Each structure stands twice: as C-alpha cells, then as structure tokens.
Colleague: 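Here you go, one structure.
Residue numbers start from 1 in every chain, and the chains themselves are labelled A, B, ... in the order their sequence lines are given, proteins ahead of strands. This is a predicted model, so every value here is computed, not measured.
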2 protein chains.
Amino acid sequence: MARPTIDDVARIAGVSIATVSRTLSNPDVVSERSRKIVMDAINQTGYTQNVAAQNLRQQRSNAVLVLVPDIGNTYFSAILAGIERAASKARMTILIGDTAGSEDREEEFLRYLVNGRADGALLLNGHLPGSLRADLESGGSTVPLVSVSEALDAPGVPHVGINNVLAARQATEHLLSLGHKKIVHLAGPGSNILTRDRNSGYQAAMGDAGLTATILEGDFSIESGERAASVLLSMPMQPTAVFCASDEMAMGLISALYSQGIKVPDDLSVLGFDDIIFGSAYIPALSTIRQPRHMIGEVAMEKLVGLMGGGIKAASEAAPDATTLRGGYVTLLPTELVLRKSTQRLQPGV
Amino acid sequence: MARPTIDDVARIAGVSIATVSRTLSNPDVVSERSRKIVMDAINQTGYTQNVAAQNLRQQRSNAVLVLVPDIGNTYFSAILAGIERAASKARMTILIGDTAGSEDREEEFLRYLVNGRADGALLLNGHLPGSLRADLESGGSTVPLVSVSEALDAPGVPHVGINNVLAARQATEHLLSLGHKKIVHLAGPGSNILTRDRNSGYQAAMGDAGLTATILEGDFSIESGERAASVLLSMPMQPTAVFCASDEMAMGLISALYSQGIKVPDDLSVLGFDDIIFGSAYIPALSTIRQPRHMIGEVAMEKLVGLMGGGIKAASEAAPDATTLRGGYVTLLPTELVLRKSTQRLQPGV
DNA sequence: ACACACAATGTAAACCTTTACATTTGAATT
DNA sequence: AATTCAAATGTAAAGGTTTACATTGTGTGT
C-alpha cells in the first residue's frame, strides 16, 4: 500500500484532518481524548507528515544553505560540525554547497534561497555574488544571511568569527616576547579580508616594536608553506621566526625546511594559526593560535536561526565571552595562544 | 511584490501554465515561437520554480541524505567532497547528517527517507538502524541506499569502498619485505567490519610468513595512537614495525614515541593508512596506504543516482579500475602503497 | 473537398498539508 | 430556561507545480 496520508489517519481516528494536523503541530488545542485517538491512529498507520506539502503550505523549508569553499578542508569541516549540531538542535536541515572557487556554483546554490529550497544561508566563502548583493543593497526583502569566519565586505550582513587583527597581534607579540626581531609573516591570499586583518595586526605589533614587517603571500595550503621555505632561505636577512596564517602552511614550511636541514624550533621558530587537530601530534608540536571553530559554527547557526525568526536566543549563552560589535551585527569569539614546541626563545648564538 | 508564480509568467506570455511548465521541463515539445515568448516572460519576471510545489507534485525531492559519523573528521570530509561533486553534477542536493555516534540521531535522519525530504541515502556510518533493516528484509519497497567506506552487514545494500583485506595484506607485506618480523598492527575498534577485514589481511600476511600476529585495538584517533605508544614500549617482545589502521593513529604514535626518545623510522618503522593530506608534511613524512577518498565519494553518489533511476552511468567511467563484486553490489576501488620516510629496512643492529 | 494524423496547446485534477473561519458542544451565568 | 462564552472540532481554501487527457489547428493523402 502507498504511504499513509493525513486523510487515512483522520478516517481511522474518526476525526477531521484538521484535528490530526493540530495534534501534531499544536497539541495543546486538541482535547486529551482526541489526541489519544489520533496518536493511536498515527502509530497504527505509521504516518509521518509529508515535508513537501508542509513546505509548500507554510512557505518555508526549515533548511539552510551552507556555502563552503571546500568541504574537504579540515578547517571548514570543523566549523561545519558546529553548524550541524546547532542546526539539528533547532530542527533545521543543512544543505551543503561546495563552491570550489567557482562563482557560477556560488550563484547556483544561492538560487536555493529564492526557489524555496532553503530559508537562509551561512556564507563561509567570504564572497557575496552580485545577484544577492543587489538584493541586499536595495534594502528590501532581506534574505537571512550570516557570514562565517570570513567576513563579507557587504554592509549589513551579520558576521561571526574571530578578531583577526587582535589574534595576529597577539601572535606577533608572543614571538617578540621571545626575543625575536626578524619576524616574517607568511600570510593568506591578499584578496581576502581575513588576510588583510591579520596582516595589519602583525604590522601593528611590529611597528610598535620599531621593527620592519615582512609579509610573504601564501594561500593557506601545505604546498604554499613548502614553497615559502625556499623563499625564506633566499632572503637577504634571514628571519628567526615566522608567523604563519594557517597551521597547514606552518607544517608545509617546517617540513620543507627540515628536508633542507633547518630545524624548528632550534634554527627558526614557527607559529601557526587555527589549531587544527594535527598540530598537537606534529613534530615539533605546533605552537599556534586557536580558533574555536566548532563554536564559531554553532554560534553562527544560532544567529541565523534567530534571524529567521526562530525563538532561540542561546547564542550568547553558548558563547559567554564573545565580543559583539556594530549593534550585534558582528560577533567575535575569543582566540587563544597555544604554546607547544615549535616556538622558542631566540638563542643568543643564532 | 510577491514572488512570481507560473501563473504570472503564463499571463504575461499569453499562454497556459502548462506551456510554461513544459518550456522549463521539456522544451522539445513546445514550439520555438512559444518557447521564446515564455522565456522572455520568465526573464522579465525573474521567475523560478517553487521547489516545494515541484517536490509535492513529483513525489520526490532530488535530495539525498548523507549520514556521517563525524563531519569534522578529515577522513570523511574528503569523501564528502567527492560526494558533493557528483551530487551537483547530477543536480542533486545533499543533506548532511552527523550521527555523532548516536543511534537516535541516526533514526531521526533516516526518517528523511520516509517523509520525503530525501530520495535516498549514503551511509558512511557502517550501521543500519533497525527500522530500515526491517524494511529491507521484507524485501518490499526498497529505499535507494548505498553504504560507503564502511560496509554494512546487511545483505543487499550496495557498497563502495576499498578492499581492506587486500590493502592490509599489502601493507604488511611491505613491512615484511623490508626485513621486519616483529610487526604489530594497531587496529581500529573491533566492532566494525572494516577493522575485521584489515585484521584478517594483516593476519593472513603474517601467517603466510610464518610469523605471529599481534593486534592492538585503537579507535583511529590521534589519542589512541598516543596511548598505543606506552603499550608498545611495555611489550615483552619489542616490535620493529607497526602498521596502523589510520594515519591519525600513526601520527599520534610517532609523536608519543618521539617524546620518549624513540625515533621513527630509525628505531621503529611506522606505516599509516588513508593517506590524509597531512601525512606528506609530517616529520617523518608518513608512508601509508592511499585510499582514493574523493573518488570513493564520487562513485558512491553516482551509484546512488543510478539506483534512483537517474540516467547516469558514469560510475564505471569515473573509476576505470574498480573491482566489482556480487553482481555489482560491491564496488572496490584500488588502493596504493605510498612510500615516504616513516618506514625503512630493518637495521641489522637493532 | 474530406478524413486523418500529428503537433501544439489548454484544462483541470492531483500532490498533501496548514489554517482562517464557521460551527458545534457543553458548561456557566443570569 | 435562556443566554453567553469558551473550547473543541470541522470545512474548505490555498499553497504552486506537473501531467493525463481533451481540444485545437495544420498539413497530407486520397
């Protein structure tokens, strides 16, 4: 037999479909007696509501789109895990879109927001395609949107992430406090906001210390860390410490240096960023700046749910020490300097 | 103004809604003239089909559920990336469910299959909850299902993964070929099939060589690798090589050994499994068995789409050297031994 | 000139809910 | 006993498509 519908249940229970519907969605308004009869009929038939019909009628999908540059990347997937947790707490489904750097795919996924597949979106890709941007700037019917980790340069889109300039400053100051003066920053791709923030944090700290800043551009990947090794070695003035904008780059760098006979931290201190799970098992164990990635995801999702009119206000509860700026638009979660073995005090001899 | 519907388009174009619908879903049957008129009207209004209405009418969602034990885990997220790629190629949406080891959550997500939120599922969690199992064994209306990476012990569910017994044998034989005789296998949790397969591959290879097998149970995590270090060191007969069932465990092990002064590969050879991206930047660079995770995901998704009646038969095309067993139910993709620096020939002196 | 086939289009039902509004029921108040 | 009110339930519309079937129009073969 076919899937039971609400009509079947109503018939068996001897009530109207309205009562069945109410029993499920708003039990308080139906009498105890009916509730029981209906529930029995439901159990007997194995009825479950048809989501498509619900969505059509209610004009919402209870789903959110999550746009990621690369699901396979451990940095994003940890945030994803947080998002998933908060989503299922709010009984929301998440649709994941991997943009893989393609703007076409981006647009394609964002169409979910207009065709009713998703009610809102979490943007981890640091980019807002033209179509939506126009929609936003017109100020009209705004789609619930939250940018995560990587801020958008669009105004009015709530954001949750970390304070990158502060974190970079903290990182740099740690290296300074160890006596290093020739500190290079191996940065992310210059195009993104996150990189610009970290750069300025680094530059500010160096400036305050009266030192010159040197920035090498990378792309967060292991390979770009490896490539940086030879660049570093060919620099006129050899640095004694490198602050990397990702743990991946730090590892790539250390491993490439190692194969050239340069030892970390003895010959060079290296500080990472993110605190991915593999840092602690690395040799040397990686000193780094921890980003609370799981919580970033969780808070972002909660914020989105809030925007969509859900009743959850747990965001502040979940992230007790978050900094909130611009009237609640921007939530910055605290980072933490994690000291392990890849950084050490500048040795007099070197 | 509200979102345009098919009626708006029809009115503007001066045709019936049927013609509009056909223009979008089956253009061949409408005249060139009408097609043009309709497309103009669509562009003018910015109309897009309402997915909920489509889903309701067509009784399908064009979405698939992907059940993962832990999105945050880099092993799974790489497979996910492959899944995503194949999914969007087939114009399918993926709904990700993180079971986080909870059977309740599992059940909850699988309800998507009956309430019409998803048309099929990819199971990466190695487990089929009772509800569905009963459904399957009754042999009746089968839900399109594919198990990925971790096989199910349920009959009749197609699977795509690797040949774990072969891969483990290959791994062990490599270590044997390097002259090692005291080889320990640091395995996954005994409960899962994958572990049992790898164990038997290892045991078979050891047996063939006339050596005794020693299995240490872990859980794939870095921490369990670390824990294994002390167990290993306290063993009466010290092994000269360890074959780990995951790269994570290998790294945890190496790093814990390192802090006890034991050097890999000089004092001990360590072989990993999976070839996660961080292995190459590890020190020493990790020798391992590569799993084509991206392709596993892709092939699995293609298989599922095939099951759902989609026209795609690209599976064999995408994975030219896959082994297919049991009448196509099981697809095994080739693994590869990747030799780097963590294994070496047994030194005479040791 | 007529029947016929075929292509193009239109009409209306069906998909399954939720919910505004109407109705019934029964108790409490006068 | 009549009235009022609230609680519980029912009726029917609406949500936006797709598609089976019916209709119209056009050209072909006789």
Colleague: Considering only NZ, NE, NH1 and NH2 on the basic side and carboxylate oxygens on the acidic side, decide whether A:R91 and B:E108 come within less than 4.0 Å.
Modeller: yes
Colleague: Tell me: CD of B:Q59 to C1' of C:dC16, nearest whole Å?
Modeller: 8 Å
Colleague: Is the backbone of A:I17 close enough, under 3.5 Å, to the side chain of A:S21 for a donor and an acceptor to pair up by distance?
Modeller: no
Colleague: Would you compute the distance between atom CZ of B:R85 and atom CZ of A:R105 and round it to the nearest 0.5 angstrom?
Modeller: 6.5 Å
Colleague: Measure from CG on A:L56 to C1' on C:dT19 and round the result to the nearest Å.
Modeller: 14 Å
Colleague: Measuring only between side-chain heavy atoms, which start at C-beta, is A:L145 closer than 4.5 Å to A:L128?
Modeller: yes
Colleague: What's the CZ-C1' distance between A:R117 and D:dG16, to the nearest Å?
Modeller: 15 Å
Colleague: Could you check how far CG of A:D8 sits from P of C:dC15, rounded to whole Å?
Modeller: 11 Å
Colleague: At 4.0 Å (heavy atoms only), tell me whether B:S21 reaches a base, stays on the sugar-phosphate, or touches nothing.
Modeller: base
Colleague: Give the B/S/- string for nucleotides 5-14 of chain D, one per nucleotide from 5' to 3', where a protein heavy atom under 4.0 Å of the base yields B, of only the sugar-phosphate yields S, and otherwise -.
Modeller: ---SBBB-BB
Colleague: Taking CG from B:N115 and C1' from C:dC16, how many angstroms apart are they, rounded to a whole number?
Modeller: 13 Å
Colleague: Do A:I71 and A:F76 touch side chain to side chain, with heavy atoms closer than 4.5 Å?
Modeller: no
Colleague: Using five pairs at each end of the helix from C:dA1-D:dT30 to C:dT30-D:dA1 to define an axis, what is the angle between those two axes, to 10°?
Modeller: 50°
Colleague: B:N55 has an atom CG; how far is it from atom P of D:dG15, in whole Å?
Modeller: 18 Å
Colleague: Could you state the atom-to-atom distance from CZ of A:R60 to P of C:dT18 in whole Å?
Modeller: 10 Å
Colleague: For a quick test of reading the model: is some side-chain N or O of A:Q58 closer than 4.0 Å to OP1 or OP2 of C:dT17?
Modeller: no
Colleague: Output the rounded distance in Å from CG (A:N26) to P (C:dA20).
Modeller: 11 Å
Colleague: Main chain of B:R117, side chain of B:S61: is a donor-acceptor contact present, judged purely on distance under 3.5 Å?
Modeller: yes
Colleague: Just jot down the salt bridge (Lys or Arg N to Asp or Glu O under 4.0 Å) partners of B:R33, sequence neighbours excluded, or say none.
Modeller: none
Colleague: Describe the nucleic acid contact of A:T23 in one word from base, sugar-phosphate, nothing, applying a heavy-atom distance below 4.0 Å.
Modeller: nothing
Colleague: For the residue pair A:E150 and A:N125, confirm or rule out a side-chain donor-acceptor distance under 3.5 Å.
Modeller: no
Colleague: I need the single residue from B:I94, B:D119, B:T93 that forms a side chain to side chain contact (heavy atoms under 4.5 Å, CB included) with B:V64. Which is it?
Modeller: B:I94
Colleague: Please tell me if B:Q49 has a side-chain N or O lying less than 4.0 Å from either OP1 or OP2 of D:dT17.
Modeller: no
